[in-house]
Amino acid sequence: MSNDIRVWGYLREYAQEKEDIMRAVESVFQSGMLILGENVKAFEQEYASYCGVNYGIGCDNGTNAITLALHAVGIKPGDEVITVSNTAIPTVSAIISAGAKPVFVDIDSATYLMDESKVESAITPRTRAIIPVHLFGQCVNMNAINDIASRHKLFVIEDCAQAHGATYKGEKAGAMSHISATSFYPTKVLGAYGDGGMMLTNNSEIDAKLRRLRFYGAEQTYYAIEHGYNSRLDEVQAAILRTKLQRIEQYIERRREIAQMYNTLLADTSLTLPAETGNGRHVYYLYVVRHPNRDKILTQLREKGIFLNISYPTPIHLMEAYKHLGGSVNSLPNTENAAREIFSLPMFPSLTDDEVMRVASALKEVL
Ligand SMILES: Cc1ncc(COP(=O)(O)O)c(C=O)c1O
């Protein structure tokens with residue numbers, strides 16, 4: 001076995017949980033129902049209840065969860081949706097797939113989250129929605145966002161892909177907007193063994209609409225009420241996610257423990273360590289640090305068998321695909337400065353204490 005340490009891996013967790021996972025898979029194969037069966041239904045209820053929301057609608061991935069959420073609130077071509085450029089590409093591609101135009105606001109330079117004080121000046125007569133992204137594992141200041149949204153009659157769609165189980169003033173990520181969207185991509189805090197996603201809402205009409213949108217616009221087979229998509233969560237992933245949901249608090253506890261170890265071991269270095277907002281529980285989907293010599297540090301650690309990651313090296317407004325949106329260099333200074341300096345340390349529940357210590361001492365050596 002190689003001694004390399006990577007930012008993420010699932011094989012150790014699979015070895016630990018194999019019995020439960022294979023039992024879940026086998027039960028689906030034996031059930032006679034491979035699509036939209038009992039597991040999807042149960043997981044929708046269980047995950048919605050974990051988040052404190054009335055309805056959960058499983059879907060195929062987090063990107064489509066955002067697109068369908070935008071369709072469900074009636075976003076149309078020409079509408080504008082405010083979000084951040086410091087996020088995963090899918091937040092933005094989902095807005096474009098829904099026909100709308102993403103409008104970017106800058107982030108807070110300490111937490112890397114949407115700076116709520118920048119939102120109001122980005123609102124135009126065409127603005128219809130705000131997508132705050134609970135990035136790296138902690139929540140955006142939702143009271144401020146919801147206050148702005150209600151004054152300007154905008155929809156809010158939380159992007160919770162990186163924040164399963166994170167809280168804000170006692171509420172779970174995903175419970176603080178008209179619709180929230182999440183991903184169960186394997187690396188996530190609650191990760192599937194393949195793709196998966198979910199939308200959450202407290203509104204029964206939106207729930208019914210999202211169920212149609214993910215299923216060809218139909219409520220029953222062979223009859224569409226409106227134009228829809230095929231965006232279903234499949235039974236195998238739902239069954240696996242049900243078993244993993246039972247362990248989510250353990251996963252989060254271990255992530256927070258690892259973060260605490262890094263905080264202690266790296267306290268006296270020139271790295272800028274993650275800043276918690278103080279508004280709730282950070283679940284440390286990623287442990288993101290910052291240093292002006294980032295690229296050199298990454299190269300030197302790679303030579304020691306430690307592979308770090310950058311989330312994200314290029315802000316979306318500067319990517320080739322999104323230049324037509326009119327983004328320019330220096331338009332979002334906090335976002336662009338962070339992209340030059342941030343990087344993530346290995347973080348997943350089955351990372352051992354020894355590995356955390358190896359990462360920390362290797363970092364100290366090269367610093
Ligand atoms: C912030 C954010 N939004 C959306 C997504 C999209 O999720 P998926 O990869 O399941 O489409 C991801 C994950 O990749 C993400 O990190």
Side-chain angles (χ1 to χ4, degrees), residues 8-65 67-69 160-161 164-165 172 174 180-201 204 207-225 228-254 285 348-350:
W8 179 80
Y10 74 91
L11 288 173
R12 232 180 252 162
E13 180 188 280
Y14 178 55
Q16 287 159 6
E17 300 178 6
K18 186 170 180 175
E19 229 174 87
D20 288 347
I21 287 163
M22 293 319 290
R23 196 182 304 121
V25 173
E26 173 71 7
S27 79
V28 172
F29 288 175
Q30 293 286 357
S31 73
M33 190 79 187
L34 297 171
I35 299 287
L36 295 186
E38 286 310 308
N39 283 290
V40 169
K41 198 164 151 195
F43 179 59
E44 287 173 341
Q45 284 161 3
E46 288 157 8
Y47 190 68
S49 144
Y50 173 74
C51 295
V53 181
N54 290 346
Y55 307 103
I57 305 93
C59 65
D60 51 352
N61 57 60
T63 314
N64 290 340
T67 304
L68 295 191
C160 302
H164 305 103
K172 286 254 170 62
S180 65
T182 201
S183 160
F184 302 114
Y185 185 74
T187 60
K188 304 302 187 203
V189 173
L190 183 61
Y193 277 67
D195 278 310
M198 194 175 289
M199 300 153 291
L200 299 175
T201 182
S204 60
D207 169 58
K209 186 164 179 82
L210 289 169
R211 282 177 198 288
R212 290 194 295 271
L213 288 176
R214 73 155 180 205
F215 185 57
Y216 321 127
E219 281 181 358
Q220 58 198 55
T221 29
Y222 309 136
Y223 190 86
I225 293 173
Y229 305 84
N230 174 5
S231 207
R232 299 174 298 232
L233 175 63
D234 82 71
E235 278 287 295
V236 171
Q237 297 307 332
I240 294 171
L241 285 163
R242 288 184 75 192
T243 77
K244 292 191 68 178
L245 181 58
Q246 292 172 25
R247 296 195 178 88
I248 190 170
E249 288 300 312
Q250 284 159 250
Y251 299 148
I252 292 170
E253 219 170 280
R254 178 61 185 154
Y285 168 60
F348 50 99
S350 57

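- Looking only at side-chain heavy atoms (C-beta outward), Ser31 and Glu38 stay at 4.5 Å or farther from each other.
- Nearest heavy atoms, Glu235 versus Leu36: OE2-C, 3.9 Å.
- Summarising the geometry, atom CG belonging to Asp207 is positioned 9.0 Å from atom CG belonging to Asn54; distances are rounded to the nearest 0.5 Å.
- Between Ile252 and Tyr50, the shortest heavy-atom distance links the atoms CD1-OH, 3.7 Å.
- Of all heavy-atom pairs between Phe348 and Gly9, the closest is CD1-O, 3.6 Å.
- Remark: Asn64 CG to Met199 CE distance equals 9.0 Å, nearest 0.5 Å.
- With rounding to the nearest 0.5 Å, the separation of CH2 in Trp8 from OH in Tyr285 is 8.5 Å.
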Using side-chain contact (heavy atoms from CB on, under 4.5 Å), reason through Asp20 and Arg247 one step at a time and then give a plain yes or no.
CA-CA 11 Å; Asp20 288 347; Arg247 296 195 178 88; 2.5 Å; yes
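- Relative orientation of the Phe184 and His164 rings is parallel, given thresholds of 30° and 60° on the angle between their planes.
- Residue-environment remark: CZ (Phe215) exceeds the threshold of 12 foreign heavy atoms within 6.0 Å.
- Classification of Glu13 and Arg254 as a salt-bridged pair fails, no side-chain N sitting under 4.0 Å from a carboxylate O.
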side-chain contact (heavy atoms from CB on, under 4.5 Å) for Tyr193 and Leu241? Distances and angles first, verdict last.
CA-CA 8 Å; Tyr193 277 67; Leu241 285 163; over 6 Å; no
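- At most 12 heavy atoms of other shown residues, nucleotides or ligands fall within 6.0 angstrom of atom CD in Glu253.
- Closest of all the heavy-atom pairs between Arg214 and Arg232 is O-CG, 3.6 Å.
- Between the side chain of Lys244 and the main chain of Ala192, no donor-acceptor pair closer than 3.5 Å is present.
- Counted by atom type alone, Tyr10 and Glu17 present zero donor-acceptor pairs between their side chains at under 3.5 Å.
- For the pair Ser180 (side chain) and Gly174 (backbone), a donor-acceptor distance under 3.5 Å is present.
- Inter-residue side-chain proximity for Tyr47 and Val53 is flagged as unmet; no heavy-atom pair is nearer than 4.5 Å.
- The distance from atom CE of Met22 to atom OG1 of Thr243, rounded to the nearest 0.5 Å, is 11.5 Å.
- Proximity of Asp195 to Tyr185: side-chain heavy atoms (C-beta onward) are separated by under 4.5 Å at one or more points.
- Rounding to the nearest 0.5 Å places CG of Asp60 at 9.5 Å from CG of Asp234.
- In this structure, Thr182 and Leu200 have side chains that are not in contact, with every pair of non-hydrogen atoms separated by 4.5 Å or more.
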Please walk me through it: do Gln237 and Phe43 pass side-chain contact (heavy atoms from CB on, under 4.5 Å)?
CA-CA 10 Å; Gln237 297 307 332; Phe43 179 59; over 6 Å; no
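- Contact detail for Leu233 and Gly58: the closest heavy-atom pair is CB-C, 3.8 Å.
- Of all heavy-atom pairs between Gly194 and Pro186, the closest is O-CD, 3.3 Å.
- Between atom CG of residue Leu190 and atom CD1 of residue Ile248 there is a gap of 4.5 Å, rounded to the nearest 0.5 Å.
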Step by step, work out the side-chain contact (heavy atoms from CB on, under 4.5 Å) result for Glu219 and Arg211.
CA-CA 8 Å; Glu219 281 181 358; Arg211 282 177 198 288; over 6 Å; no
